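Following: one structure in structure tokens, then a few remarks.
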Amino acid sequence: SAVISQKPSRDICQRGTSLTIQCQVDSQVTMMFWYRQQPGQSLTLIATANQGSEATYESGFVIDKFPISRPNLTFSTLTVSNMSPEDSSIYLCSVVKLVASYEQFFGPGTRLTVL
Amino acid sequence: AQSVTQLGSHVSVSEGALVLLRCNYSSSVPPYLFWYVQYPNQGLQLLLKYTSAATLVKGINGFEAEFKKSETSFHLTKPSAHMSDAAEYFCAVSSNAGGTSYGKLTFGQGTILTVHP
């Protein structure tokens, strides 16, 4: 398995500001992803965090709004930029440790409220 | 393209009763299928997965699911519900085509399971 921690666990932010969320894994992983869970809704994939290169974004998500870094095999950050109330969501980091295991693990999430 | 439909946003059962949570999927390629559970204010925990081996998959906490290709279904069951099973359950599909599709899960809307004493 993989133990994933996220910081902060929750935050309340003002419109127009930015927040950076950190994801730390207890061991090296092959793949890292960022998901969003809007209130009362299911999870949606934002992007794949690629080590040492630009993240791969899903349709509807752009780098200017959600810049992502992954400097090594155990750490990634997601920034939510120029926030609006519509960005209020839970943001979850997800990892795949070994491709052949087909197991994907999720962090505890960061609950973001934008006023 | 892939999609997942979970029938019933809320399911309520009595303690000791059968739990049945329904999931139907759509996928243009053979799928990998997953069930996750989310307890209040916690992250997602993998219950079980189907990765083209045995069609009947057993998971943690007494849950199991059966992959039925003809019905495009992957329903989750547990013979006897326990109070601790109360949570939200998500069905998810991923492509087994590998490459850039690997690890990209498409989730259903979730089913909240309530267990009554």
Side-chain angles (χ1 to χ4, degrees), chain A residues 1-7 9-10 21 23-25 29-51 53-61 70 76 89-111, chain B residues 1-10 21 23 25 30-54 57 59-60 65 67 74 87-112:
Chain A
S1 66
V3 178
I4 306 168
S5 60
Q6 288 186 229
K7 290 182 180 179
S9 59
R10 59 178 62 223
I21 302 168
C23 174
Q24 179 71 56
V25 192
V29 296
T30 305
M31 307 182 76
M32 297 183 78
F33 306 89
W34 287 97
Y35 284 80
R36 179 175 74 180
Q37 187 177 21
Q38 293 179 296
Q41 297 191 31
S42 189
L43 288 84
T44 302
L45 178 63
I46 297 172
T48 303
N50 299 309
Q51 185 200 359
S53 64
E54 192 171 289
T56 305
Y57 291 84
E58 297 301 302
S59 176
F61 297 97
R70 187 184 173 189
S76 177
S89 297
I90 300 174
Y91 293 86
L92 297 104
C93 174
S94 177
V95 305
V96 172
K97 195 165 184 177
L98 296 172
V99 171
S101 70
Y102 309 113
E103 288 188 354
Q104 193 159 351
F105 302 98
F106 285 81
T110 295
R111 185 179 296 270
Chain B
Q2 300 168 302
S3 66
V4 175
T5 301
Q6 290 182 239
L7 300 177
S9 58
H10 291 79
L21 304 182
C23 172
Y25 71 91
Y32 291 153
L33 293 158
F34 307 83
W35 275 100
Y36 284 87
V37 60
Q38 186 176 36
Y39 297 101
N41 299 314
Q42 295 187 30
L44 279 79
Q45 180 181 8
L46 179 65
L47 275 178
L48 49 79
K49 62 183 178 183
Y50 166 76
T51 56
S52 71
V57 181
I60 62 172
F67 172 68
F74 190 58
E88 188 163 16
Y89 292 79
F90 291 94
C91 182
V93 63
S94 174
S95 167
N96 75 355
T100 57
S101 64
Y102 190 87
K104 296 183 179 180
L105 299 178
T106 299
F107 284 85
Q109 291 299 307
T111 298
I112 296 174

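Note on naming: letters A, B, ... go to the chains in the order of the sequence lines (proteins, then strands), and numbering restarts at 1 for each one. As the structure is a prediction and not an experimental result, all values here were calculated from the model.
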Problem set entry | Short side-chain to backbone donor-acceptor contact, A:Ser42 and B:Gly110, under 3.5 Å | no

For this session: Count the heavy-atom pairs under 4.5 Å between each of B:Gln38, B:Gln42, B:Lys49 and chain A, then report the option with the highest count.
Result: B:Lys49

Seminar exercise, completed: Those residues at least two apart in sequence (or on a different chain) that pass side-chain contact (heavy atoms from CB on, under 4.5 Å) with B:Gln45 are B:Val37, B:Tyr39, B:Ile60

Exercise. So which part of B:Leu44 gets closer than 4.5 Å to some heavy atom of chain A, the side chain, the backbone, both or neither?
Worked result: both

Problem set entry | Spacing of B:Leu105 atom CG and A:Phe33 atom CZ [to the nearest 0.5 Å] | 7.5 Å

Exercise. When rounded to the nearest 0.5 angstrom, what is the spacing between CD in A:Gln104 and NZ in B:Lys104?
Worked result: 11.5 Å

Problem set entry | Atom group of A:Glu58 that falls short of 4.5 Å from chain B, counting heavy atoms | side chain

Exercise. Sequence neighbours excluded, which residues qualify as side-chain contact (heavy atoms from CB on, under 4.5 Å) partners of A:Ile90?
Worked result: A:Gln37, A:Leu92, A:Arg111

